[in-house]
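Heads up, the thing below is written out as structure tokens.
FYI, side chains are in, hydrogens and waters are out, and symmetry mates aren't considered; it's all heavy atoms of this structure. When a residue number appears, it is its place in the shown sequence, counting from 1. Counting starts at 1 for both ligands and their atoms, in listed order. Predicted model only: the values in this text are computed from it and were never measured.
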Amino acid sequence: MTTVAAYAAPAAKAPLERTTIERRAVGEFDVLIDIKFAGICHSDIHQAREGWGEAIFPMVPGHEIAGVVAEVGSGVTKFAVGDRVGVGCMVDSCRECDNCKAGLEQYCTGGGMIGTYNAVDKNGDVTYGGYSRQIVVDENYTVRIPDGLSLDVAAPLLCAGITTYSPLKHWNAGPGKKVAILGMGGLGHMGVKIAHALGAEVTVLSQSLRKKEDGLKLGADHYYATSDPKTFQELAGSFDLILSTVSAPLSLDQFLSLLKTDGAFVNVGAPEEPVSLNLFSVIMGRKSLAGSGIGGIRETQEMLDFCAEHGFGAEIELIAASEINEAYERVLSSDVRYRFVIDASTI
Ligand code: NAP
Ligand code: ZN
């Protein structure tokens with residue numbers, strides 16, 4: 001066991017504060033990672049404030065981890081000391097169910113994936129996330145960060161990147177497809193970059209036009225404000241795919257009206273309250289309403305390689321750990337441009 005510095009929420013809704021946690025000894029198939037950067041995902045806030053239901057405290061959030069391997073177990077074959085690596089939202093799963101075997105570990109049916117934090121590991125330990133100096137992770141749940149990507153802008157790819165890449169690929173975003181990205185925060189801005197790189201025609205649907213210039217620079221072809229009722233008239237029946245990254249409940253019926261016949265509305269945003277739906281919104285036009293959760297380990301590696309090939313990471317605001325609570329407030333008021341990343345050396 002090693003004692004490492006971390007930032008934790010001591011209780012639901014309490015501000016995060018500096019503390020120490022224990023990391024397990026490096027096992028046969030484990031890597032010890034010196035964390036360099038950790039992104040702040042809106043999911044960290046939902047969980048630290050118990051918005052998704054009962055959580056485990058103290059909680060060390062953080063599932064967008066980028067760092068360097070400091071030690072490897074005797075059985076490790078994929079990584080060596082000095083390698084640049086990342087860890088996303090999960091640190092284990094059953095490895096035996098059909099989903100795990102198919103590389104869809106996030107949908108593990110053998111007990112569910114083990115979250116990077118706010119979960120109980122196979123050995124009974126509570127998991128603690130990336131707002132810390134070091135983490136010990138099984139090599140099979142660790143990915144390689146390509147040389148072309150700096151670690152700070154790579155960190156957010158471990159959740160924001162994969163969570164948008166996976167559904168964009170699954171629902172065939174590409175040339176000839178009209179894709180709308182709903183919400184331009186951490187996930188949304190990665191959705192814009194990735195959908196553009198895949199060759200789709202990209203529209204941002206944001207609450208206001210405040211971030212329009214940025215959206216167009218990141219690869220959007222069009223940018224509309226959802227606060228303007230004219231947007232819904234003008235864009236009715238326009239999109240093959242709408243990817244919603246919105247963290248609050250939405251009027252689904254209104255957005256489903258923007259799909260073409262056979263279009264799909266895919267939700268990755270995970271609001272704390274349920275939403276309502278008039279089923280005629282999907283009946284008329286044979287539309288699909290779907291959801292998607294992060295992505296598997298293999299696909300996360302594919303996404304990192306894709307981003308490196310296209311020469312982009314996330315747009316970030318680098319902060320010191322002492323600024324985490326302030327950053328949470330800015331995320332909650334949609335004032336993030338476009339991902340806060342903690343410099344782990346300040347923890
Ligand atoms: P974020 O940076 O806060 O972005 C969310 C964006 O949603 C905001 O920037 C804002 O965009 C829009 N928004 C917020 N409140 C709104 C409201 N009341 N009405 C309309 N739009 C609103 O958050 P994030 O880190 O990207 O995460 C987004 C959501 O995805 C969270 O719920 C998170 O938990 C969830 N998530 C899900 C997965 C998954 O696997 N499915 C993975 C990661 C995160 P504009 O300012 O452009 O309007
Ligand atoms: Zn996340």
Which of these, [options], has its nearest heavy atom closest to [atom]?
atom: atom 29 (C) of ligand 1; options: Asp335, Leu209, Thr245; result: Thr245
atom: atom 16 (C) of ligand 1; options: His189, Glu272, Lys211, Gln207; result: Gln207
atom: atom 42 (C) of ligand 1; options: Thr163, Ile40, Val336; result: Thr163
atom: atom 7 (O) of ligand 1; options: Ile181, Val246, Thr164; result: Val246
atom: atom 14 (C) of ligand 1; options: Pro271, Ser334, Gly88; result: Ser334
atom: atom 11 (O) of ligand 1; options: Met184, Lys212, Arg339, Gln106; result: Met184

What is the nearest protein non-hydrogen atom to [atom], stated with its residue, atom name and distance?
atom: atom 18 (N) of ligand 1; answer: Ala248 CB, 3.3 Å
atom: atom 26 (O) of ligand 1; answer: Leu187 N, 2.8 Å
atom: atom 30 (O) of ligand 1; answer: Gly269 CA, 3.3 Å
atom: atom 32 (O) of ligand 1; answer: His46 NE2, 2.8 Å
atom: atom 4 (O) of ligand 1; answer: Gly185 CA, 3.5 Å
atom: atom 2 (O) of ligand 1; answer: Gly186 N, 2.8 Å

Check: [X] side chain, [Y] main-chain N or O, donor-acceptor pair, under 3.5 Å:
X: Glu139; Y: Phe29; value: no
X: Arg330; Y: Asp335; value: yes
X: Asp34; Y: Ala70; value: no
X: Thr163; Y: Ala160; value: no
X: Ser206; Y: Ala225; value: no
X: Asn325; Y: Leu16; value: yes
X: His189; Y: Gly186; value: yes
X: Thr116; Y: Met90; value: yes
X: Arg84; Y: Leu149; value: yes
X: Gln301; Y: Arg144; value: yes

Among Ile135, Val136, Leu32, Thr2, which residue satisfies the side-chain contact (heavy atoms from CB on, under 4.5 Å) criterion with Arg24?
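The option that passes is Val136.
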With respect to Met184, which candidate in Thr245, Leu205, Val336, Val204 satisfies the side-chain contact (heavy atoms from CB on, under 4.5 Å) definition?
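The residue from Thr245, Leu205, Val336, Val204 that satisfies side-chain contact (heavy atoms from CB on, under 4.5 Å) with Met184 turns out to be Val204.
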Is the closest N or O pair between [X] and ligand 1 shorter than 3.5 Å?
X: Ile294; result: yes
X: His42; result: yes
X: Gly183; result: no
X: Ala270; result: yes
X: Ser43; result: yes
X: Trp52; result: no
X: Tyr223; result: no

Check the angle between the aromatic planes of Trp52 and His46 and answer parallel, tilted or perpendicular using the 30° and 60° thresholds.
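Correct class here is parallel.
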Give the atom numbers and elements of ligand 1 that come within less than 4.0 Å of a heavy atom of [X].
X: Val331; value: 3 (O)
X: Val268; value: 30 (O), 35 (C), 36 (N), 37 (C), 38 (C), 39 (C), 41 (N)
X: Ser206; value: 45 (P), 46 (O), 47 (O), 48 (O)
X: Cys159; value: 42 (C), 43 (C)

Quick check: does Cys89 put an N/O/S atom under 2.8 Å from the Zn ion (ligand 2)?
no
N/O/S atom of His42 inside 2.8 Å of the Zn ion (ligand 2), strictly under:
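It does not: His42 brings no N, O or S atom closer than 2.8 Å to the Zn ion (ligand 2).
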Apply side-chain contact (heavy atoms from CB on, under 4.5 Å) to the pair Tyr117 and Asp44, showing each step before the final yes or no.
CA-CA 9 Å; Tyr117 66 89; Asp44 298 346; 2.6 Å; yes
Side chain, backbone, both or neither: which part of Ser292 has a heavy atom under 4.0 Å from ligand 1?
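Backbone only; the side chain of Ser292 stays clear of ligand 1.
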With side-chain contact (heavy atoms from CB on, under 4.5 Å) as the criterion, how do Val143 and Ile297 come out once you've worked through the C-alpha distance, each side chain's angles and the decisive distance to 0.1 Å?
CA-CA 7 Å; Val143 288; Ile297 298 296; 4.0 Å; yes
